[in-house]
Novice: 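One structure, pasted below without further comment.
Heavy atoms only: backbone and side chains are in, while hydrogens, waters and symmetry mates are out.
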Amino acid sequence: MTNPTGQYTDVRVVAIQGHGGNISGATGTYSNINVFSCGPFPPNDRPAIDGFYNITGKHNGKSYSFPGVKCTHSGGTSDFRDPSN
């Protein structure tokens, strides 16, 4: 089952490989091109490009997971994508 597109709340990002870019209580958006964008990430703790992360968030009150996604853009708002898509 594909996760629904739209706005997410209570977003949690956890690095799988031990590098930075961990946040919780964030907001995000999942687009129809299979990119999950979320933030805000502080300037001193942003995700690593090509690093892998587990993301969870709530959409319309229901929890969804984005396991093993790869960071494709790192910034205050960062982008993640499933490498198999």
Novice: Do the non-hydrogen side-chain atoms of Ile23 and Pro42 ever get within less than 4.5 Å of each other?
Specialist: yes

Novice: Decide whether Tyr64 and Val13 are clustered together by the hydrophobic rule: side chain heavy atoms of Ile, Leu, Val, Met, Phe, Trp, Tyr closer than 4.5 Å, transitively.
Specialist: yes

Novice: Between Asn54 (side chain) and Gly68 (backbone), is there a donor-acceptor pair under 3.5 Å?
Specialist: yes

Novice: If you take all heavy atoms of Ser65 and Thr56, which pair is closest and at what distance?
Specialist: OG-CG2, 3.7 Å

Novice: Heavy atoms only: give me the nearest Ala15-Gly20 pair and the separation to one decimal.
Specialist: CB-O, 4.1 Å

Novice: Working to the nearest 0.5 angstrom, can you tell me the gap between Asn22 CG and Phe41 CZ?
Specialist: 8.5 Å

Novice: Of the options Thr29, Asp79, Thr77, Val11, which is the one that meets Cys38 in a side-chain contact (heavy atoms from CB on, under 4.5 Å)?
Specialist: Val11

Novice: Using atom types as modelled and distance alone, determine if a side-chain donor or acceptor of Asp45 lies under 3.5 Å from a backbone N or O of Gly21.
Specialist: yes

Novice: Is it true that a side-chain atom of Ser74 and a backbone atom of Pro47 form a donor plus acceptor pair closer than 3.5 Å?
Specialist: yes

Novice: Could you tell me how the ring of Tyr53 sits relative to the ring of Phe80: parallel (under 30°), tilted (30 to 60°) or perpendicular (over 60°)?
Specialist: perpendicular

Novice: So which atom in Gln7 and which in His59 form the shortest heavy-atom distance, rounded to 0.1 Å?
Specialist: O-ND1, 2.8 Å

Novice: Is Arg81 atom CZ crowded by more than 12 heavy atoms from other residues, nucleotides or ligands, each under 6.0 Å away?
Specialist: yes

Novice: Answer yes or no: is there a donor N or O on one side and an acceptor on the other, between the side chain of Asp50 and the main chain of Lys70, under 3.5 Å?
Specialist: no

Novice: Drop me the distance from Asp82's CG to Ile55's CD1, to the nearest 0.5 angstrom.
Specialist: 10.5 Å

Novice: How many angstroms lie between CZ in Arg12 and NZ in Lys58, if you round to the nearest 0.5 Å?
Specialist: 12.5 Å

Novice: Is there a ring-ring contact (aromatic ring centres under 6.0 Å, His included) between Tyr8 and Phe66 once you walk through the steps?
Specialist: CA-CA 12 Å; Tyr8 284 75; Phe66 298 83; 5.6 Å; yes

